[in-house]
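Before any comments, here is the structure.
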Amino acid sequence: MAGLPFNLNSPKQLGEVLFQKLKLPVVKKTPSGTPSTDEEVLQKLAEDYPLPKLLLDYRSLSKLKSTYTDKLPRMVNPSTGRVHTNYGQAIAVTGRLSSNDPNLQNIPVRTAEGRRIREAFIASPGNVIVSADYSQIELRIMAHLSGDEGMLRAFAAGEDIHRATASEIFGVPLAEVSGEQRRYAKVINFGLMYGMSVFGLAGNLGVERAAAQMYMDKYFQRFAGVRQFMDDVRQQAKSQGFVETVFGRRLWLPEINSPNGPRRQAAERAAINAPMQGTAADLIKLAMIAVQGWLDVHQLASRMVMQVHDELVLEVPDNELSLVKQELPSLMAGVAQLKVPLVAEVGAGSNWEEAH
DNA sequence: AGGTTAAGCGCG
DNA sequence: AAAGCGCGCTTAACCT
């Protein structure tokens with residue numbers, strides 16, 4: 001094959017072609033000031049030009065090939081025939097584990113092509129892969145920490161939390177929430193947990209800032225406990241210099257009172273998020289201890305093989321499947337009694353994708 | 001030859 | 001000025 005006259009993997013060369021030669025508009029710039037060619041930019045440009053879509057397809061496929069398809073088979077341990085990750089226990093500031101060499105906490109799942117890679121993670125003969133994950137764990141923790149009446153009620157009733165949020169924001173009955181309204185509510189729910197601003201919300205929803213402000217106002221009007229919680233967390237962070245999880249894990253925030261605006265605001269966003277992300281990390285660690293204890297007591301041959309932040313993956317002999325499927329979710333849900341029920345969902349299959 | 005940074009993107 | 005949290009990996013570009 002004759003190559004292209006430039007390197008597609010070079011943002012610099014690609015930028016020259018797109019923005020100088022082809023004169024496509026510069027949508028945004030990178031921190032160093034060069035025109036960005038990231039996914040968001042190419043999506044925008046794809047509305048008016050044919051080339052960016054092809055670049056996006058190339059990007060996603062080459063990412064899968066270089067990081068997973070080409071790499072993972074080379075990392076199989078010859079003595080076990082398996083890939084073995086390493087977990088970092090004191091890397092992530094929130095208390096999460098991290099995974100490296102290879103990272104098995106970022107195996108693709110969001111696209112059909114990516115899920116084909118997940119299908120390669122298979123159980124040995126006579127075994128199945130069982131996966132159990134906490135449902136909406138961080139939002140449940142937000143409900144617990146804030147004590148917000150509306151959120152507590154929605155979780156107690158077993159409602160779809162994004163649908164329930166949309167129902168409150170848009171003032172329509174649960175059954176009449178539209179797909180778009182639910183999507184908006186989901187963006188708002190996640191955005192809040194990350195300390196997102198009205199500016200960020202507007203960009204994310206693709207609406208005017210005034211409209212985003214209206215959604216935010218409406219949200220805090222209906223979920224006043226959440227606003228109070230966020231104000232309290234910021235205040236505690238500023239006075240004490242740290243925030244805590246439900247179990248007392250601390251995240252120190254040396255820049256929380258910095259005179260540098262952007263740095264201070266970044267610390268405020270981290271302060272908002274850490275109690276939720278960190279409590280979720282504490283909970284799944286407790287779950288790992290509970291699950292292994294249970295496997296030991298019952299002398300089961302099932303093995304815990306992976307942890308992916310809110311998910312535990314086990315390799316389970318066929319004859320233990322029904323027992324494990326029955327017990328795993330309750331073990332995970334039973335590690336703590338919060339103001340909302342914890343829920344874990346379980347699946348099983350011959351490979352990781354099927355178990356999901 | 002080997003290390004670091006920038007840009008970009010995979011996951012929760 | 002920047003505008004959404006936490007990670008790890010790949011490639012290109014640049015540095016010692």
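Values below: every heavy atom of this structure, side chains too, minus hydrogens, waters and symmetry copies. By convention in this document, chain letters (A, B, ...) are assigned in the order of the sequence lines, proteins followed by strands, and residues within each chain are numbered from 1.
Note on Glu168(A) versus Lys218(A): no salt bridge recorded, every NZ/NE/NH1/NH2 to OD/OE distance being 4.0 Å or above. In summary, Asp57(A) and Lys53(A) engage in a salt bridge, as defined by a charged side-chain N under 4.0 Å from a carboxylate O. We find that Arg182(A) and Asp160(A) are joined by a salt bridge, their nearest charged nitrogen and carboxylate oxygen being less than 4.0 Å apart. With salt bridges taken as basic N to acidic carboxylate O contacts below 4.0 Å, none links Glu353(A) and Arg116(A).
Applying the 4.0 Å criterion to OP1 and OP2 of dA7(B), one finds that Thr34(A) has a side-chain N or O inside that range. Note on Thr30(A): a side-chain N or O is less than 4.0 Å away from OP1 or OP2 of dA7(B).
On the nucleic acid side, DNA chain C contacts chain A at distances under 4.0 Å to non-hydrogen atoms, with the end points of that region at dA1(C) to dA13(C).
When heavy atoms are screened at a 4.0 angstrom cut-off, Gln13(A) is found touching the sugar-phosphate backbone but no base atom. Using a 4.0 Å heavy-atom criterion, one finds that Val198(A) contacts no nucleic acid atom at all. Across all strands, Asp133(A) comes closer than 4.0 Å to no nucleic acid atom at all (heavy-atom distances). In this structure, Glu311(A) reaches neither bases nor backbone, as no heavy-atom distance under 4.0 Å exists between it and the strands shown.
Looking at Lys285(A), its side chain does come within 3.5 Å of a backbone N or O of Gly95(A) through a donor-acceptor pair.
A heavy atom closer than 4.0 Å to some atom of DNA chain C occurs in Lys63(A), Ser66(A), Thr67(A), Lys71(A), these being the qualifying members of residues 46-72 of chain A. For the contact set between residues 244-274 of chain A and DNA chain C, defined by any heavy atom under 4.0 Å, the members are Pro262(A), Arg269(A), Ala270(A), Asn273(A).
Using modelled atom types and a 3.5 Å distance limit, the side chains of Asn260(A) and Ser258(A) yield no donor-acceptor pair. With no hydrogens or angles considered, a side-chain donor-acceptor pair links Gln307(A) and Gln105(A) at under 3.5 Å. Of the N and O atoms on the side chains of Asp217(A) and Gln221(A), not one donor lies less than 3.5 Å from an acceptor on the other residue. If you check the side chains of Thr94(A) and Gln277(A), you find a donor sitting under 3.5 Å from an acceptor.
Taking atom CE on Met193(A) and atom C1' on dG12(B), their separation rounds to 10 Å, with Å as the unit. One interatomic measurement links the two molecules: CD1 of Ile141(A) to P of dG12(B), which rounds to 16 Å at whole-angstrom precision. Atom CE of Met306(A) and atom C1' of dG12(B) are 14 Å apart (whole Å). Distance, Arg118(A) CZ to dC11(B) P: 8 Å, rounded to whole Å. In this structure, CH2 of Trp352(A) is placed 12 Å from C1' of dG10(B), rounded to the nearest angstrom. Here dG12(B) presents its C1' atom at 13 Å from CE of Met332(A), a figure rounded to the nearest Å. Between the P atom of dA7(B) and the CG atom of Leu42(A) lies a distance of 15 Å, rounded to the nearest Å.
Aromatic rings from Trp352(A) and His356(A) are positioned such that their centres are separated by 6.0 Å or more.
Applying the 4.5 Å side-chain rule to ILVMFWY residues, one finds Trp252(A) in the same cluster as Phe242(A).
Across dA1(C) and dC9(B), the matching C1' atoms stand 25 Å from one another, rounded to whole Å. When the P atom is used for both dG4(C) and dT5(B), the distance is 25 Å, rounded to whole Å.
When all heavy atoms of Met151(A) and Tyr219(A) are compared, the closest pair comes out as SD-OH, 4.3 Å.
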Step-by-step side chain to side chain contact (heavy atoms under 4.5 Å, CB included) determination, Ser302(A) to Glu320(A): CA-CA 7 Å; Ser302(A) 296; Glu320(A) 296 180 5; 2.6 Å; yes
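Annotation: side chain of Lys238(A) is in contact with side chain of Glu268(A) (closest heavy-atom distance under 4.5 Å).
Stem regions annotated for DNA chain C: B:1-12 with C:5-16, counting only runs of 3 or more consecutive pairs of Watson-Crick or G-U type with both contacts under 3.5 Å.
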For a quick test of your reading: what N or O donor-acceptor pairs under 3.5 Å do the side chains of residues 190-206 of chain A make, sequence neighbours left out?
residue, atom, partner, partner atom, Å
Ser197(A), OG, Phe199(A), N, 3.4
Ser197(A), OG, Gly200(A), N, 3.1

